[in-house]
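Start at 1 with the first residue, then count along the sequence.
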Amino acid sequence: MRRSISAAAAAAALTLTLTACGGDDGGAKGGQPAAAKDPAAVSGTVTWWDTSDSTSEAPAYKELIAKFEAAYPKVKIKYENVPFDDARDKFKTAAQGGTGAPDVLRADVGWNPAFAELGYLQPLDGTPALNRREGFLPSSFASTQYKQKTYGVPLVTDTLALLYNKELLAKAGITKPPTTWDEVKAAGLAVKAKTGNAGVFVKPQGFYTLPLIYGEGGGLVDVQAKKITVNDDKAQKAVGIGKDLIDSGAGVTDVTKDAYSNMQAMFKEGKLAMMINGPWSIGDDLKGPAFADKANLGIAPVPAGSTGKAGSPTGGHNLVVYAGSKNLDASYLFVDFLTRPENQAFTAEKNHVLPTRTEAYAMGTVSSDPTITAFRAALDTAVPGPPLARASDLFDPMDTTMEKIYSGRISTKAGLDEVAKAARDILPDFK
């Protein structure tokens, strides 16, 4: 039985749906939206909550805002940089209350289905926000879908890859990055034996465990069968690989709240040969003494499992439009502008982020950026998250239990059974 939302949320969702259908400028009165008929005539003020890093990423978006306002002088953008960690709850509170929500939000891909189910997002099919629908990376566009409708436009994407210290591997007699988890184990043991440093960091979190699970052909859930699979034989084998890396001495882990920063510190200082991480870490990695020579940092797709296949989760951010917006036409124009190929290339060059449009990879200096090209290759094996409203909630019990498994406080089977039980509470329709 499907879990029901609260009465207040249901009422808010209904109110938002009616508002969206009766809005004054979204094309809901029939015919094309005004933004499609005459973009230059559109006017209004669009409030945008940007959840990018205020120091390293936001300046590029502010430059694009200036270009947008020059192209569409009747539209003004009210820019607010909202810390990512606060944005989801802040948006939900504002949308549920019916006041204070932005017209446009830079949303994590995992938020899309939940916000759509609650009625907080405007469907974008047939609107100018998607008048350049073709050309998106399939894994990125999949994150915008919920019940056969589109509730966002992909802005940036990311995935995980194998980051490695070329010098440390070379000292261990390894000239090429590992392509399988067996090779990772062998390389980790060689690094430890010949250099005294750690081989690979095994991060005890659900998101970072997915490459192991995908490599065994598994997943957290089977959407079509409505089945929880996080504790099946494939997942148990996958997590067993991670546990063996630790137990064998080929890898290390950290189950404290500082796990990520400790992993980063080890890698930057040249005390760790390999880690699974995303493009967001590169700027920080290159600040470390181990990578004073930038060429020492290697990036390769995540290793394959026993199936011979590799897989990594798709991350990133979409631009979504609030269903209760009073400025739908202006919002559509703004979303379209930010996600045009040339503007995605601009932010890629400035911020070293991955575009979601294939055309952008051939523009400007994007094609020669080593970080972007390396992670673009990793995207070929990226797996989109399941289109379920509460899919992102599955990581909470997964994170807690992976720490217990990797620290030896619980067996792999018992731990994953705990996760499966919690998953059934989150997704009561699943068996």
Is it true that Glu63 and Lys350 have a side-chain N and a carboxylate O under 4.0 angstrom from each other? yes
Rounded to the nearest 0.5 Å, how far apart are CG of Asn231 and NZ of Lys421? 12.5 Å
Does a donor on one side chain sit under 3.5 Å from an acceptor on the other, for Gln145 and Tyr151? no
If we count only N and O atoms by modelled type, under 3.5 Å, do the side chains of Thr256 and Asp254 hold a donor and an acceptor together? yes
Report yes or no: does Thr195 contribute a side-chain atom to a donor-acceptor pair with the main-chain N or O of Lys192 at less than 3.5 Å? no
Identify, with sequence neighbours excluded, every residue that meets side-chain hydrogen bond (donor to acceptor under 3.5 Å, both in side chains) alongside Thr144. none
On a heavy-atom basis, the closest approach of Leu169 and Pro178 is CD1-CD, 4.4 Å
Under 3.5 Å, is there a donor on one side chain and an acceptor on the other for Asp50 and Ser52? yes
Do Gln344 and Thr339 have a side chain donor and acceptor closer than 3.5 Å? no
Keeping Thr253 on the side-chain end and Lys203 on the backbone end, is there a donor-acceptor pair under 3.5 Å? no
Phe267 vs Phe201, test: ring pair (Phe, Tyr, Trp, His ring centres under 6.0 Å). Steps then yes/no. CA-CA 9 Å; Phe267 193 62; Phe201 196 100; over 10 Å; no
Arg424 to Phe430 six-membered ring, cation-pi geometry met (6.0 Å, 45°): no
Verify whether one side chain among Thr159 and Thr314 offers a donor that lies under 3.5 Å from an acceptor in the other. no
Please determine which of Thr356, Asn112, Leu124, Leu121 meets the side chain to side chain contact (heavy atoms under 4.5 Å, CB included) test together with Asn318. Asn112
Please report the closest heavy-atom contact between Gly298 and Lys166, naming both atoms and the distance. CA-CE, 3.8 Å
Where do Ile228 and Ala423 come nearest, in terms of heavy atoms and distance? CD1-CB, 3.8 Å
Find out whether Val184 and Met274 are in side-chain contact, i.e. whether some heavy atom of one side chain is under 4.5 Å from a heavy atom of the other. yes
Single hit among Thr209, Leu162, Leu212 for side chain to side chain contact (heavy atoms under 4.5 Å, CB included) with Ile276: Leu162
To the nearest 0.5 Å, how far apart are NZ in Lys176 and OH in Tyr164? 11.0 Å
Would you mind checking if Arg340 and Asp336 are paired as a salt bridge, meaning a charged N to carboxylate O distance below 4.0 Å? yes
I'd like to know if Lys268 and Asp284 make a salt bridge, using a cut-off of under 4.0 Å between side-chain N and carboxylate O. yes
If you count every heavy atom of other residues, nucleotides or ligands that lies below 6.0 Å from Lys92 atom NZ, does the total exceed 12? no
For residues Val223 and Pro386, report the shortest heavy-atom separation together with the two atoms involved. CG2-CB, 3.7 Å
Lys NZ or Arg CZ of Lys78 over Trp49 ring: under 6.0 Å, within 45°: no
In terms of side-chain geometry, is the basic nitrogen of Asp232 or Lys227 positioned less than 4.0 Å from the acidic oxygen of its partner? no
Looking at residues at least two apart in the chain, or sitting in another chain, which of them share a side-chain hydrogen bond (donor to acceptor under 3.5 Å, both in side chains) with Thr358? none
Salt bridge flag under 4.0 Å for residues Asp417 and Lys413: yes
Sole residue of Val419, Val239, Val221 in side chain to side chain contact (heavy atoms under 4.5 Å, CB included) with Val230: Val419
For a 4.5 angstrom cut-off between non-hydrogen side-chain atoms, does Phe334 reach Asn327? no
For Phe141, what residues pass the ring-ring contact (aromatic ring centres under 6.0 Å, His included) criterion, not counting sequence neighbours? Phe136
Under 3.5 Å, is there a donor on one side chain and an acceptor on the other for Ser56 and Asn351? no
Value for CD (Glu349) from CG (Asp369), rounded to nearest 0.5 Å, stands at 8.5 Å
Is it true that Lys149 and Asp125 make a salt bridge, defined as a side-chain N closer than 4.0 Å to a carboxylate O? no
Taking every heavy atom of Ala58 against every heavy atom of Ser54, the minimum-distance pair comes out as CB-O, 3.5 Å
Side chains of Ser306 and Lys237: donor-acceptor distance under 3.5 Å anywhere? yes
Which pairs pass ring-ring contact (aromatic ring centres under 6.0 Å, His included) with one or both residues in residues 78-98, sequence neighbours excluded? Trp48-Tyr79, Phe84-Trp111, Phe84-His317, Phe91-Phe115
Please name all residues satisfying side-chain hydrogen bond (donor to acceptor under 3.5 Å, both in side chains) with Ser281, sequence neighbours left out, ordered by chain then number. Asp285
NZ/Lys431 to NZ/Lys226 distance, rounded to the nearest 0.5 angstrom? 11.0 Å
Approximate separation, where rounding is to 0.5 Å, of Leu394 CG and Leu427 CG: 5.0 Å
I'd like to know whether Asp244 forms a salt bridge (charged side-chain N to carboxylate O under 4.0 Å, His left out) with Lys185, so could you lay out the CA-CA distance, the side-chain angles of the two residues, the decisive distance to 0.1 Å, and finally the verdict. CA-CA 9 Å; Asp244 180 61; Lys185 180 179 179 179; 2.8 Å; yes
If we ignore hydrogens and angles and just use 3.5 Å, is the side chain of Ser331 paired with the main-chain N or O of Val104 as donor and acceptor? no
Step through the shown structure and confirm whether more than 12 heavy atoms of other residues, nucleotides or ligands are within 6.0 Å of CD on Glu134. yes
Considering residues at least two apart in sequence or located in another chain, which fulfil the side-chain hydrogen bond (donor to acceptor under 3.5 Å, both in side chains) criterion with Asp233? none
Determine the minimum heavy-atom distance between Ala290 and Glu269, stating which atoms define it. CB-C, 4.0 Å
Given Asn343, Ile65, Leu319, the one that forms side chain to side chain contact (heavy atoms under 4.5 Å, CB included) with Leu338: Leu319
Donor-acceptor side-chain pairing of Thr412 and Gln236 below 3.5 angstrom: no
